[in-house]
Amino acid sequence: MAASPFDHVMDSRRIEFFETFGWEIHLPRIHLPLYGDFQITKFMILELIAAALIVAIYVPLARRARSGEPPTGFFWNTFESMLTFFRDRVANPNIGEHDADRFVPFIWTFFLFILFCNLLGMIPYMGSPTASITVTGVLAIFAFLMIHVGAIAKMGVGGYLESFVPHMEVPYHMDLLIVPMIVLIEVIGHFIKTFVLAVRLFANMFAGHTVLAVILLFIVMSKDTSFFLFWPVTLSSVLGVTALSLLELFVAFLQAYIFAFLASLFLGMALHPQH
């Protein structure tokens, strides 16, 4: 039995099919296995489901594209247009057409994985793995590695390190004082960007699902009150959650887009420091 609405958006060692909040209802739950010190959790299962959905949709789509067969129907056109949009409107402008094609698959994977993880939270009895700072932190670390390893691969170690050092013309050798400060700020800035990527996604997904859970909790709080209070609270809570769920659906797409957009923007800045 969950003691807090926060349990709805947090990782768990078991999968609850319904949160009773004190009602005497006995419903099944799945206790996830423990292998030594390695605990399988609910979010791990959901991440695997998200990855499997991506493979199930985009592997056939890739085969159709490789064969030269044009996409037909709403389903195939929708998923292909998402990829085309990111290549033409996000990757190419931010990374540059010359370098974008090498990194587009990575940006696509970021967007699709985050999107599917976000959307799983809209399905009853599931949740959003992106509402965990651990998950978003790992995604941000991979974005950090992609950005800096990609820059090193293009410019070499020497060119990469040189990109942190500004070329300044100041009198009396003041650059000996100013340049190290700017280099330190640049280095710290890269870590702050990674931190922002993780926290922005986590905070938005966690907060949204928590608000929905709290509103539904009003029904539980009024279950022992009079008939004339319980049903108006229940009806208004359900209508409120329905309206906010539409907003959450928009946020699921928006946050996936923002993460992929910022990752491509930071990558373009690392690959082209002269700009």
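Numbering starts at 1 and runs along the sequence shown. Worth knowing before you read on, the calculation uses all heavy atoms, side chains too, and leaves out hydrogens, waters and symmetry mates.
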For a quick test of reading the model, state the closest non-hydrogen atom pair linking [X] to [Y] and the distance between them.
{"X": "F164", "Y": "H190", "result": "CE2-CD2, 3.3 Å"}
{"X": "A91", "Y": "V104", "result": "CB-CG2, 3.5 Å"}
{"X": "P60", "Y": "W76", "result": "CB-CH2, 3.7 Å"}
{"X": "F206", "Y": "A131", "result": "CD1-O, 3.6 Å"}
{"X": "M155", "Y": "L271", "result": "SD-O, 4.3 Å"}

Other than I192, which residues form its hydrophobic cluster under the rule that side-chain heavy atoms must be closer than 4.5 Å?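 Answer for I192: L184, I188, V196.
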Rest of the hydrophobic cluster containing L239 (Ile/Leu/Val/Met/Phe/Trp/Tyr, side-chain heavy atoms under 4.5 Å)?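 In the cluster with L239 are L235.
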Between [X] and [Y], is there shared hydrophobic-cluster membership here, with clusters defined by ILVMFWY side-chain heavy atoms closer than 4.5 Å?
{"X": "I141", "Y": "V187", "answer": "yes"}
{"X": "F250", "Y": "I123", "answer": "yes"}
{"X": "V138", "Y": "F38", "answer": "yes"}
{"X": "V149", "Y": "I152", "answer": "no"}
{"X": "I185", "Y": "L161", "answer": "no"}

Compare all side-chain heavy atoms of [X] with those of [Y] and state whether any distance is below 4.5 angstrom.
{"X": "I147", "Y": "M269", "result": "no"}
{"X": "C117", "Y": "S128", "result": "no"}
{"X": "M44", "Y": "L32", "result": "no"}
{"X": "L201", "Y": "L197", "result": "no"}
{"X": "V90", "Y": "I95", "result": "no"}

Distance (rounded to the nearest 0.5 Å) between [X] [atom1] and [Y] [atom2]:
{"X": "K42", "Y": "M126", "atom1": "NZ", "atom2": "CE", "answer": "9.0 Å"}
{"X": "L267", "Y": "M146", "atom1": "CG", "atom2": "CE", "answer": "5.0 Å"}
{"X": "M82", "Y": "N77", "atom1": "CE", "atom2": "CG", "answer": "13.0 Å"}
{"X": "F43", "Y": "L120", "atom1": "CZ", "atom2": "CG", "answer": "10.5 Å"}
{"X": "H98", "Y": "N92", "atom1": "NE2", "atom2": "CG", "answer": "12.5 Å"}
{"X": "L119", "Y": "M122", "atom1": "CG", "atom2": "CE", "answer": "8.0 Å"}

All N/O donor-acceptor pairs, side-chain side in residues 252-266, below 3.5 Å, sequence neighbours left out:
| residue | atom | partner | partner atom | Å |
| --- | --- | --- | --- | --- |
| S264 | OG | N94 | ND2 | 3.3 |
| S264 | OG | A260 | O | 3.2 |
| S264 | OG | F261 | O | 2.7 |

Applying ring-ring contact (aromatic ring centres under 6.0 Å, His included) to Y58 and not counting sequence neighbours gives F79
Who passes ring-ring contact (aromatic ring centres under 6.0 Å, His included) against F191, sequence neighbours left out? F144
Could I get the full list of side-chain contact (heavy atoms from CB on, under 4.5 Å) partners for T109, not counting sequence neighbours? none
By side-chain contact (heavy atoms from CB on, under 4.5 Å) - contacts of A198 (at least two apart): I133, T136, A140
Closer than 3.5 angstrom, by distance alone: can the side chain of S132 be matched with the main-chain N or O of T134 as a donor-acceptor pair?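 Yes.
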Donor-acceptor pair, S81 side chain versus T78 backbone, under 3.5 Å?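 Yes; judged by distance alone, with no hydrogens or angles, the pair exists.
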Can a side-chain donor-acceptor contact be found between T130 and N118 if the only test is distance below 3.5 angstrom?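 Yes.
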Take atom [atom1] in [X]; do more than 12 heavy atoms of anything else shown fall under 6.0 Å from it?
{"X": "E186", "atom1": "CD", "result": "yes"}
{"X": "F75", "atom1": "CZ", "result": "yes"}
{"X": "F142", "atom1": "CZ", "result": "no"}

Does the side chain to side chain contact (heavy atoms under 4.5 Å, CB included) test come out yes or no for V211 and L244, once each step is laid out? CA-CA 9 Å; V211 169; L244 287 176; 3.9 Å; yes
Tell me, please, which residues at least two apart from R102 pass salt bridge (charged side-chain N to carboxylate O under 4.0 Å, His left out). D99
Apply side chain to side chain contact (heavy atoms under 4.5 Å, CB included) to the pair H272 and K154, showing each step before the final yes or no. CA-CA 10 Å; H272 308 284; K154 178 181 179 181; 3.0 Å; yes
Could you note down all residue pairs passing salt bridge (charged side-chain N to carboxylate O under 4.0 Å, His left out) where residues 45-65 supplies at least one of them, sequence neighbours left out? R64-E69
Listing request: all salt bridge (charged side-chain N to carboxylate O under 4.0 Å, His left out) pairs with a residue in residues 121-130, at least two apart in sequence or in separate chains. none
Test side chain to side chain contact (heavy atoms under 4.5 Å, CB included) on L83 and L112 and set out the steps. CA-CA 9 Å; L83 301 186; L112 293 172; 4.1 Å; yes
Partners meeting side-chain hydrogen bond (donor to acceptor under 3.5 Å, both in side chains) with T194 (sequence neighbours left out):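 Checked T194 against side-chain hydrogen bond (donor to acceptor under 3.5 Å, both in side chains); zero matches.
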Tell me every residue that passes side-chain hydrogen bond (donor to acceptor under 3.5 Å, both in side chains) with H148, counting only those two or more places apart in sequence or in another chain. Y160
Taking it one step at a time, do L139 and F113 satisfy side chain to side chain contact (heavy atoms under 4.5 Å, CB included)? CA-CA 10 Å; L139 290 171; F113 181 76; 4.0 Å; yes
